Amino acid sequence: MNGEINRMTHGFAANQQLHPTDVSALAAILDAPSPLTPGALREHLGLTSGAVTACLDRLERAGHVRRARESTDRRVVHVYYEASARTAARDYFMPLAEATARARARFSETELATVLRFLAAMNEELGDVPTARR
């Protein structure tokens, strides 16, 4: 499943002339409950500040995001997903949403609750695995 989702993500990136990391950034920006700062995006993606700046520069040039300074504190920058760019993402990923709905329809609510518990447990366990061995 992860491989197939990555295949679609890489396809979207190529279609939009973006780097796959840019698509991960877009997903984080879209899914955030409030506008992200570049620092919060850096933490979420595990990138350097220079890499996040380059990513945001590419996304801004491509028309996917805009950066805005807070009026009360000009040092604070928030990143917003451009409404016009959402259409391209929605159109491209609609087949993924439809496939997810078809797969979900094959399972009862009880079965889905079990799957959800399993996936949450996997995320918790994987989050504790070190990314680099010393």
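All values derive from a computational prediction rather than experimental measurement.
- When the side-chain hydrogen bond (donor to acceptor under 3.5 Å, both in side chains) test is applied to Ser108, the partners found at least two apart in sequence or on another chain are Glu111.
- Leu112 forms part of a hydrophobic cluster together with Phe107, judged by ILVMFWY side-chain heavy-atom separations under 4.5 Å.
- Every residue was checked against the side-chain hydrogen bond (donor to acceptor under 3.5 Å, both in side chains) condition with Glu43, not counting sequence neighbours, and none meets it.
- Sorted by first and then second residue, the side chain to side chain donor-acceptor pair (under 3.5 Å) pairs with a member in residues 112-123 form an empty list; sequence neighbours excluded.
- Taking CG of Leu56 as the reference point, atom CZ of Arg61 lies at 11.0 Å (rounded to 0.5 Å).
- In terms of the side-chain hydrogen bond (donor to acceptor under 3.5 Å, both in side chains) criterion, residue partners of Arg7 (sequence neighbours excluded) are, by chain and number, Glu4.
- Sorted by first then second residue, the side chain to side chain donor-acceptor pair (under 3.5 Å) pairs that include residues 76-86, not counting sequence neighbours, are Glu70-His78.
- Residues passing the salt bridge (charged side-chain N to carboxylate O under 4.0 Å, His left out) test with Arg75 are Asp73, sequence neighbours excluded.
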Donor-acceptor pairs are to be reported for all side-chain atoms of residues 9-37 against protein atoms at under 3.5 Å, with residues two or more places apart or in another chain.
unit_1: Thr9; atom_1: OG1; unit_2: Ile5; atom_2: O; d: 2.9
unit_1: Gln16; atom_1: OE1; unit_2: His64; atom_2: NE2; d: 3.1
unit_1: His19; atom_1: ND1; unit_2: Thr21; atom_2: N; d: 2.9
unit_1: His19; atom_1: ND1; unit_2: Thr21; atom_2: OG1; d: 3.2
unit_1: Asp22; atom_1: OD1; unit_2: Arg58; atom_2: NE; d: 3.3
unit_1: Asp22; atom_1: OD1; unit_2: Arg58; atom_2: NH2; d: 2.7
unit_1: Asp22; atom_1: OD2; unit_2: His19; atom_2: N; d: 3.0
unit_1: Asp22; atom_1: OD2; unit_2: Arg58; atom_2: NE; d: 2.9
unit_1: Thr37; atom_1: OG1; unit_2: Ala40; atom_2: N; d: 3.0

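- In terms of heavy atoms, Pro38 sits closest to Val52 at O-CG1, 3.7 Å.
- Annotation: side-chain contact (heavy atoms from CB on, under 4.5 Å) contacts of Ala51 (sequence neighbours excluded): Leu47, Thr48.
- For residues 88-105, there are no side chain to side chain donor-acceptor pair (under 3.5 Å) pairs, not counting sequence neighbours.
- Grouping Ile, Leu, Val, Met, Phe, Trp and Tyr residues whose side-chain heavy atoms lie under 4.5 Å apart, directly or via other members, places Phe118 in a hydrophobic cluster with Val115, Leu119, Met122, Leu126.
- Asp57 pairs by the side-chain hydrogen bond (donor to acceptor under 3.5 Å, both in side chains) definition with Arg67, not counting sequence neighbours.
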